[in-house]
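Structure first, then comments.
The sequence lines fix the lettering, A, B, ..., with proteins before strands; numbering per chain opens at 1. All values reported here derive from a predicted model rather than from experimental measurement.
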2 protein chains.
Amino acid sequence: MNTLLSDTLGFVAWREAQQAAVEHALSGWVPLDAPAGLGEAMRYAVLDGGKRLRPLLVLATSAAVNGAPGAAMRAACAVELIHAYSLVHDDMPCMDNDVLRRGKPTVHVKFGEAQALLAGDALQALAFELLVPGDGSLEADMSVALCRLLALSAGAAGMAGGQAVDLASVGVALDQAALEAMHRQKTGALLQASVMMGAATGQTSEATRAQLARYGASLGLAFQVVDDILDVTADSATLGKTAGKDAACDKPTFVSLMGLDQAQAYADRVLDQAHEALRHSDLTHTDTLHALADWVGRRAH
Amino acid sequence: MNTLLSDTLGFVAWREAQQAAVEHALSGWVPLDAPAGLGEAMRYAVLDGGKRLRPLLVLATSAAVNGAPGAAMRAACAVELIHAYSLVHDDMPCMDNDVLRRGKPTVHVKFGEAQALLAGDALQALAFELLVPGDGSLEADMSVALCRLLALSAGAAGMAGGQAVDLASVGVALDQAALEAMHRQKTGALLQASVMMGAATGQTSEATRAQLARYGASLGLAFQVVDDILDVTADSATLGKTAGKDAACDKPTFVSLMGLDQAQAYADRVLDQAHEALRHSDLTHTDTLHALADWVGRRAH
């Protein structure tokens, strides 16, 4: 067996074990007993779906900095709850009006719009609740650092702000800089925060945190370029969501801006920067972080 | 001047000064520069409106326990941001479909549904951001305690859960216990959390925290009974929102359950319990908390 194949198998085993652990933790934390169907809608939105890229970034970074595993799992689930709530709200009729997500009817299709709105709201609150356990299992300083990273990446300066720009961009010819700025907020902020929250569960030098921030930013940008590529090359069944949606909505994408081949080359170039950032850090166990960057890129091939 | 009148004037002066201080702090914290109109929608939702009851409860409780003023103002604004976001989402067409709030068009009427959804989401994130300032101005233990109180009161076990029950209760004959359970979550949890967050900015005995929790719960219940009374006795101009809405929607209320006179007597009785809880605490400076309970009751007379 050559080294590449062995590494890949090691990564796949790690990834599947972590995905199962995240699923288990989320299932314990997203309430069964929330009243009047709210718990069902929350669990439907969160469980049994998605690649869990953000939790994997948290967990891999935490492992690379020798972070506290309990804190890492809470942070991993908190980020995923923010991501899940954003999908629920994003799919609603007043936003993207999507009926399919992860191969299943979207939350508002299944539970109604009002319940979808409330489930998203409650998932955001739950994300922060996970970071302040109240049982002494997380050091207060670490809780505060994690809450701050999450709040900044989710709010007006991050994801919500990016979505507002996205809304305003339909039918508008954005140049590459404007498109990247929008995605840096809309999807990049939470992906980068996943890396930085992983880092916050352990001790790191300021220089390494800066390289991890570069890694997270590059990975976040590459993720979006690949997403745009998949929107035109994959079908809905493979994506688990409606394909060709961006073009149909006249939304600017990296593919509409630079064409398919150039977009592919650009994704590879940006991922190289992610790998390079890791090599410039003083971390020694970065295999999984490298593999995660490769994994993001591989979706497009 | 008799004592009662002098006390009332003292309270009015305190209240107006604190309302102005909260307005000033919120104006500094709710971003001007959020992209693509998001900041305008957030500011419209939060500034220049409302009685600021929740912030006043935080500030008065903090003063009663000799709490840290900087922490109290952050907590006061955080609670108000959660309240403001809940109103924005609650007014949306898929929820209560209200067009008037605080005498102005609701956020979705003025900015569109998608922007209202995002503004609410971003306000919730901002609420938590305020509690983890990152500049060392708040002790980490206090930040964590405040975040936990806020997350629990806003989420599925609190406000969002209560709203889900409320949605499911249209046209349903709730008895008094079920109606109170619903309101304990929907509006009571955040009002009680306001009191407990104020307490968390200082040092209190466990016994006093228990009495403050009773005070907050009673005040929260009284607030809702009074709200139901006003829904039938006041006009839209006075309320600043659509009057007679609950009856029109066939929602169960304390007035529909017990009649107007009995509801009034019940509000008074519950407020007596709030006053009593304060008298049973070991706090010495509770005048303002008593006055706030009176103020909640006075709206109904």
Side-chain angles (χ1 to χ4, degrees), chain A residues 31 34-39 41-42 82 85-86 89 92-95 108 112-129 131-134 138-141 143-145 147-148 150-152 154-169 182 185, chain B residues 31 34-39 41-42 82 85-86 89 92-95 108 112-129 131-134 138-141 143-145 147-148 150-152 154-169 182 185:
Chain A
L38 181 63
M42 291 169 76
I82 293 288
Y85 112 67
S86 80
H89 283 184
M92 284 179 67
C94 68
M95 298 277 288
H108 67 90
E113 280 184 59
Q115 194 74 282
L117 180 59
L118 290 176
D121 289 344
L123 287 171
Q124 180 167 197
L126 181 60
F128 289 100
E129 187 191 326
L131 299 179
V132 286
L138 238 77
E139 222 182 289
D141 284 338
S143 275
V144 168
C147 277
R148 184 161 174 82
L150 193 65
L152 289 171
M159 186 179 74
Q163 283 181 302
V165 177
D166 192 24
L167 274 179
S169 304
M182 186 258 278
Q185 286 193 276
Chain B
L38 181 63
M42 291 170 75
I82 293 287
Y85 112 67
S86 80
H89 283 184
M92 285 179 67
C94 67
M95 298 276 290
H108 68 91
E113 281 184 58
Q115 194 74 281
L117 181 58
L118 290 176
D121 289 343
L123 288 171
Q124 179 166 199
L126 182 59
F128 289 100
E129 187 190 327
L131 299 179
V132 286
L138 237 77
E139 221 184 290
D141 284 339
S143 275
V144 169
C147 277
R148 184 161 175 81
L150 193 64
L152 289 172
M159 187 179 72
Q163 283 180 304
V165 178
D166 192 23
L167 275 179
S169 305
M182 187 257 280
Q185 286 193 276

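Looking only at side-chain heavy atoms (C-beta outward), L118(A) and L167(B) come within less than 4.5 Å of each other. Looking at H108(B) and C94(A), their side chains never come closer than 4.5 Å, going by heavy atoms from C-beta outward.
In terms of heavy-atom pairs under 4.5 angstrom with chain B, the leader among A34(A), G112(A), G134(A) is G134(A). The choice from I82(B), D166(B), L152(B), L138(B) that makes the most heavy-atom pairs within less than 4.5 Å of chain A is L152(B). Note: Q124(A) leads Q163(A), E139(A), Q124(A) in heavy-atom pairs under 4.5 Å with chain B. Ranked by heavy-atom pairs under 4.5 Å with chain A, the first of L38(B), L126(B), L117(B) is L117(B).
For the atom pair CG of L131(B) and CZ of F128(A), the computed distance is 10.0 Å after rounding to the nearest 0.5 Å. A distance of 11.0 Å separates CD in E129(B) from CG in L150(A), rounded to the nearest 0.5 Å. Note: E113(A) CD to M95(B) CE = 11.0 Å, rounded to the nearest 0.5 Å.
Considering every non-hydrogen atom in both D141(A) and A140(B), the closest pair reads OD1-CB, 3.1 Å. Contact between C147(A) and C147(B) at its shortest, heavy atoms only, is SG-SG, 4.3 Å. In terms of heavy atoms, A164(B) sits closest to P35(A) at CB-O, 3.9 Å. A122(B) and A160(A) make their closest contact through CB-CB, 3.9 Å (heavy atoms, listed as atom of the first residue, atom of the second, distance).
In this structure, chain A has no heavy atom under 4.5 Å from any part of M182(B). Using a 4.5 Å cut-off between heavy atoms, P93(B) does not touch chain A at all. Contacts of M159(A) with chain B are absent, with no heavy-atom separation under 4.5 Å from either backbone or side chain. Neither the backbone nor the side chain of A157(B) comes within contact range of chain A, judged by heavy atoms closer than 4.5 Å. A168(A) touches chain B through its side chain: at least one heavy atom from C-beta onward sits under 4.5 Å away, while N, CA, C and O do not. Using a 4.5 Å cut-off between heavy atoms, Q185(B) contacts chain A through its side chain alone, with no backbone atom that close.
Residue pairs meeting the salt bridge (charged side-chain N to carboxylate O under 4.0 Å, His left out) criterion with at least one partner in residues 114-123 of chain B, sequence neighbours excluded, are absent.
Scanning for side chain to side chain contact (heavy atoms under 4.5 Å, CB included) contacts around A41(A) gives V107(A), F111(A), Q115(A), A119(A), with sequence neighbours left out.
Taking the six-membered ring where tryptophan is involved, the planes of H89(A) and H89(B) are perpendicular, since the angle between them exceeds 60° and thus also 30°.
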